[in-house]
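Fair warning: this is a prediction, and the values are worked out from it, not measured in the lab. Along the sequence shown, residues carry numbers from 1.
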Amino acid sequence: MKKQKKLCVLFLCSVGLTGTKYGCGGGGCGACTVMVSRYNPIQDTVLHWSVNACLQPICSLHGAAVVTIEGIGSTKTKLHPVQERIAKAHGSQCGFCTPGMVMSMYTLLRNNPQPTMEDIRETLGGNLCRCTGYRPIIDGFKTFCDTRISCQNGDGNGKCCMENSNSHNNESDISGELFSMDEVLPLDPTQDLIFPPELLIMRKQKAEQLCFQGEKARWISPADLKDLIKLKAEYSNAPLLVGNTTIGPKMNLKGTVHPLVIYGGSIPELQAVKWRNNSVTVGAGCSLSVLKDILLRGTEELGPEKSRVYQALVQTLQCLAGKQIRNMASIGGNILSANPKYDLSSILAAAECTLHIVSNDLKRAPHKFTFILQLQYEFSLHSEKLNVNPCAFQWEFVSAFRQSQRREFAFSIVNAGMRVVFRHNSNVVENLDIFYGGVGPTLVKARHTCKELMGRKWDEKLLVEGTQLLEEEISVPPTAPGGREEYRKTLVLSFFFKFYMQVLLDALKPFKNEVPQGNHSFQVGRPLVTQKLNKLVPETQSSSDPVGRPNVHQAALQQATGEAVYYDDIPSVKGELFVSMVTSTRAHAKIIFIDASVALAMSGVITFISAKDVPGQNRRLWFNNPEELFAEEEVICVGQIIGAIVAETREQAKRAAEQVAITYQDIQPAFFTIEEAIEHQSFFDPKRKLERGNVEEGFEKADHILEDELYMGGQEHFYMETQGLIAIPKAEAGEMELYVASQHAAYTQEVVGITLGIDSNKITCHVKRLGGGFGGKVMKIASLSAIAATAAYKTDRAVRCVLERGDDMLITSGRSPFLGKYKVGYMNDGTILAADITYYSNGGCTLDESSFIMEKALLHMDNGYKIPNLRGHGLVCKTNLPSYTAFRGFGGPQGLTIIEGVLHEVAARCGLPAHQVRDINMYKDEKCYTHHKQLFSPRDMVRCWNECLEKSDYTHRCLSIEQFNAHNHWKKRGISIVPLKFGIGFSKGFYNQGAALVNIYKDGSVLISHGGTEMGQGINTKAIQIASRILKVPMSSIHIKETCTGNVPNAAPSAASFGTDAVGMSVKNGCEKLMRRLEPLIKKHPQYTWQQLVTYCQKISLSATGFFMGPHTSVDWEKSEGNAYYYFTFGACCSEVEIDCLTGDHKNIRTDIVMDVGRSINPALDVGQVEGGFVQGIGLYTIEELQFSPEGVLLTRGPSQYKIPALCDVPPQLNVHLLRNADNPHAIYSSKGIGEPPVFFGCTLFFAIKEAIAAARRERGLSDSFPFSSPATAEKIRMACEDCFTRMNPLDRKVKTKPWTINV
């Protein structure tokens, strides 16, 4: 049991089974899902479980069968229906999460061949996807449901989407079908893999103690309970492990080492389940999934009134972690971990459940759950079983409550369990138990409150007194770990009020999670166009012409089978080493001394590299701003790379890097926030300004002047595949090959060349595909590549660099936080005459791309609105945080959101509907000029706006929302609709170019190389469609191998939604060159087949470079004018939400999007980009919150702290419509770039939430205008819905202390 292979996922990679992906190391993403099957001797059957391979120790799998993605099907043999359907339904974009999704669904089908939609929702709850938006994954998987679904847009009841009155236009050229279920493989359970008979025989034999000895650790699996007790007595400090979901993440991510581990997962006594007198006793080794199934069975047998405890526990278990974690985590481990964030203890304690503890002499003693109050992270107790009573009394009520950052698959901020027993046939309280988790280091019981309220009537007086008593008894000090003390204190009171109301009226239940479904429509029957003098020349499209059709992603099947290769899937090179970064722990300090001696003495460590080891330049200039590869004399942020350890294995490099000691001398000042940067006047150059009209004159003419500000937080990329590469030195001429996850291979090549001091022609960068990029793999990967290349240069051995999730988040940073301060002059009807906006972004410690990001924000500050007098200033703040970088949308969403915030606030001040104010200010003339004097036509933007109003049934729904809000005091709904004008291409004109190489081989096959990067957006698929049209060969005859700087040099980055435009036009150009060469031959021999035409005997060059010299775009910032963009993509989006005013929770109910993508080259890919971008926007505007300590340390460094949207966050109704008859004479086949614009649509949820909060505030006699920043987290929503509970902690009683986090 070698240390580096102790986990299942690492072992699988070591034996070449790379389909199982390593995404986070903590069971928080689901990318590593595999199926584990075990024979259960108690049930005498084989059980199948989906588990996280990153937490599954190899030793725990003794006697089990493990099935990976490779085991269920492949493109070389036969696909499994799950693999085929997720691919055909367009459920795979970057593909990194796809094997995990497939294995979760496969496991479900092994257990239940005819699942319900709820089964699918629960199964995929532990799988994250950053690309698709989840809807197409559900579309593919719901075809397995035992329900007749006529199309992917069906309502789940067998009803076709075409039967819905508002679903589709009846025009003949409008389609809603993105994939067909014709000729798909049927699910045949008889063809599934059988459980190995030898394992079945082995498991039926008498159990024996097993011992596995590794380099530094020993693993013992006891034979039975008696053996376990004996071992625990002998090795009292050894942890007892079953599911490894608590100990595992600490070992993986925090470096915790246990010399001895005792495994209790194979002991039958700990798996036993016994029913007695309507109560159930469950073995402590049973998983949480087993417990949930048991409780559901008990609920069904006892009925709703007699199973209230069971129901409350099931409600809690449904939201606790993901399915894979629940399959692994044991009940005993969850309880004895005593983590206040774990939800089960509060409800188990309130329900007076008992935990049976077995002692060293095998004596058993039942303990009431209150003993957990004194327990904190103690593993020495030997819990054997849990006894749960069903709450069978008519006058007994029990409820569980929780609030978390994300409704599912997230630790609770506060959880509670409450139980009340009334005297028979009365409302007098006989017994009351209230427990809270998350308000102290352990579970907290409100003893005094419960004691005082016993004997009282359950009425309003009890509510008032109980609230006051709880406010006095339960304290959350300002120094409490995790912060949010006011919010947590408010939740304590809100949960009690909810319990009071649930007992009285069975009201105020939590939101129900649903799966996303929806309608989509797009135009078919496209014209073939040529581009001459901007005129479109239509021709009849051949049925063999793939352009405009929803073809499946070119690599979808390989991604669904785990065959798709990512950089870390490449087999190890002989002698390969691993590199791990040594980063700064100080925000601003002088480096006094670096001591790597301890690390260098460790086993397997080869060397330590730093600035002195760089053979070329350690410091380079980026637009006249210095960038250091390794910090040399001074560190300027926490997470800055100072050096790197090179070792034989991943594990050795990682552990040794932690042992490098650095002596610092702090330098003042060190500051992190935009406000601090303004105070210190710390800004990067250049400072930008744009102006239209005369702002001062506009203010003079206005009826009203408003001054306010809007803050928008940053965002982590959270691509599923972390950054990394393999650097391989070659034997001659100093050549270096890099297999790298980069969106800009040419820039990586350039930086590596500068670092090594060698020419670019000796460095070749290969990029097969990325597991997500979103702008985050443009700049930072170049530095990481240079470090790995330096290590390879020094050791003369191949070096692999794979960042752990936490290090990736710390080092590479993400989207810039923005603060917009504005002054606006407006009329009584909402018309805006003048606006003066100053944008501040937090750029971090170096410039990176922050100046370009700010420029994009300023260039989008008008959105779709004709504000006659408009001025914007842009300042990038220089702080001591890791430098922020490109992220999907660049600065567009920030610039757009702040102007939308202006209009929203103007509407509130005027007492007008926000959509009316937006409409009155919109560009509407046929020819309009932006505020930077670029001519454009807003016709299609207005069409999108009007269609969105119609398709969303906006007017009728506004009335319905008014009625809902009038009848619901504690829940409110809001709706918002916004237009969009988004510039496509780079405002720096030299980036607007593309190149390709097209080779035709004598067998007729075609190989294309281009400068773009495939990262899920489908650029390769579209390139193949374009080539197929021109060459008139089937798509199956065309292949794209990789992006390679040796084939296509000096390529621009795949960014700015310009990839298809640049690559598509260059591929088109290359193919047209070839067809011109073949044209005489075609005319001479019209009967020739394609293979006959391309024979090399004709002496025709069958290799051509294609080039696209894009438009010259630029802005004269002194004159505030210039054509900044190639063209504009338009759209409109409407979203409706419902908020819980007592907890701050919200549910996204419905979203309708109308998008102008011109004439889509591939509607399925474009719809996927719209949905995926929008769901990323859901995260940006509602739940994704980066937290920094007052010392500038990033606290949210993994999926357990940082939450991206999961399945439960996507609106159940997500409808996307591509605008009909929309042309774009500027781009390839009249299409439009679509990757970035939809992210902004997430703001509709933000403003809808703000509308819902305003409705609650109006009802309470408060102002419609209130400070509210993005993201709209549960905490912000709750505290904005001011009421008697939020006011019970007045300002004059607050103690000023150092905050837990700061707003950067």
Side-chain angles (χ1 to χ4, degrees), residues 567-568 573 575-584 591 594 596 599-600 604-622 626-633 635 639-650 652-654 656-657 660 662 723-742 744-766 777 779-803 807-808 811-812 846 1045:
Y567 79 88
D568 197 30
V573 178
E576 182 178 279
L577 302 173
F578 292 82
V579 66
S580 184
M581 306 304 156
V582 177
T583 58
S584 168
I591 299 173
I594 302 173
L600 289 170
V605 174
I606 302 299
T607 189
F608 170 73
I609 59 172
S610 60
K612 62 181 175 59
D613 297 293
V614 175
Q617 298 178 32
N618 184 60
R619 176 178 289 211
R620 65 186 186 277
L621 289 179
W622 167 254
E627 296 264 357
E628 279 189 321
L629 187 66
F630 295 109
E632 209 162 346
E633 298 175 355
V635 293
Q640 185 176 4
I641 298 173
I642 297 173
I645 286 287
V646 185
E648 296 282 356
T649 70
R650 229 177 273 230
Q652 289 167 343
K654 181 180 173 184
V660 176
I662 301 170
Q723 302 219 22
L725 72 145
I726 307 169
I728 306 175
K730 294 299 181 179
E732 58 180 275
E735 293 178 3
M736 183 80 71
E737 299 269 339
L738 290 96
Y739 295 86
V740 57
S742 174
H744 194 182
Y747 179 66
T748 297
Q749 177 191 38
E750 178 187 340
V751 171
V752 171
I754 292 169
T755 304
L756 298 183
I758 63 176
D759 295 334
S760 291
N761 60 5
K762 295 176 182 175
I763 299 163
T764 307
C765 292
H766 305 264
K777 294 177 179 175
M779 297 289 292
K780 301 296 179 79
I781 186 61
S783 295
L784 295 171
S785 299
I787 291 170
T790 300
Y793 180 91
K794 182 177 180 179
T795 61
D796 200 28
R797 292 166 67 176
V799 173
R800 189 179 296 245
C801 170
V802 183
L803 290 188
D807 292 335
D808 189 296
I811 294 168
T812 66
T846 63
T1045 56

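Of the possible donor and acceptor atoms, none in the side chain of Y567 sits under 3.5 Å from a partner among the backbone N and O of V802. When atom types are taken as modelled, the side chain of T1045 and the backbone of C765 share a donor-acceptor pair closer than 3.5 angstrom.
Remark: A789 engages M736, V752, L756 in a side chain to side chain contact (heavy atoms under 4.5 Å, CB included) (not counting sequence neighbours). For D807, the salt bridge (charged side-chain N to carboxylate O under 4.0 Å, His left out) partners two or more places apart in sequence, or in a different chain, are R1197. By the side chain to side chain donor-acceptor pair (under 3.5 Å) test, T607 is found to be paired with K794, residues two or more places apart in sequence or in another chain being considered. Taking S610 as the reference, F608, K612, D613 meet the side chain to side chain contact (heavy atoms under 4.5 Å, CB included) condition, with sequence neighbours excluded. For E627, the side chain to side chain contact (heavy atoms under 4.5 Å, CB included) test picks out R620, W622, T846, with sequence neighbours left out. Residues passing the side chain to side chain donor-acceptor pair (under 3.5 Å) test with D568 are R650, R800, sequence neighbours excluded. Every residue two or more places apart in sequence or in another chain that forms a side chain to side chain contact (heavy atoms under 4.5 Å, CB included) with Q617 is listed here: I754.
A side-chain contact (heavy atoms from CB on, under 4.5 Å) with T795 is found for one member of T790, I609, I606 and no other, namely I606.
For the atom pair CG (L803) and CD1 (I811), the distance works out to 5.0 Å, reported to the nearest 0.5 Å. To the nearest 0.5 Å, the span separating CD1 on I787 from OG on S580 amounts to 11.0 Å.
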Item to complete: Check the pair E632 / I591 against side chain to side chain contact (heavy atoms under 4.5 Å, CB included), numbers first and verdict last.
Response: CA-CA 8 Å; E632 209 162 346; I591 299 173; over 6 Å; no
Practice prompt. Would you please test I641 and L784 for side chain to side chain contact (heavy atoms under 4.5 Å, CB included) and show each step?
Written response: CA-CA 9 Å; I641 298 173; L784 295 171; 4.0 Å; yes
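Annotation for Y739 and I728: closest pair CE1-CD1, 3.8 Å, computed over non-hydrogen atoms. Taking both residues in full, the closest heavy atoms of V740 and S785 are given as CG2-OG, 3.4 Å, listed atom of the first, atom of the second, then distance. Smallest separation of non-hydrogen atoms from C801 and V579: CB-CG1, 3.4 Å. The two residues A727 and A792 have their closest heavy-atom pair at O-CB, 3.9 Å. For A656 against I645, the heavy-atom pair with the smallest separation is CB-CG2, 3.7 Å.
R797 places a side-chain heavy atom less than 4.5 Å from the side chain of E648. Side-chain contact check for I594 versus V660: some heavy-atom pair is nearer than 4.5 Å.
Counting heavy-atom neighbours within 6.0 Å of Y793 OH, excluding the residue itself, gives a total of 12 or less.
The side chain to side chain donor-acceptor pair (under 3.5 Å) pairs that include a residue from residues 747-766 are E737-H766, S742-T748, H766-E1042, where partners are two or more places apart or lie in different chains.
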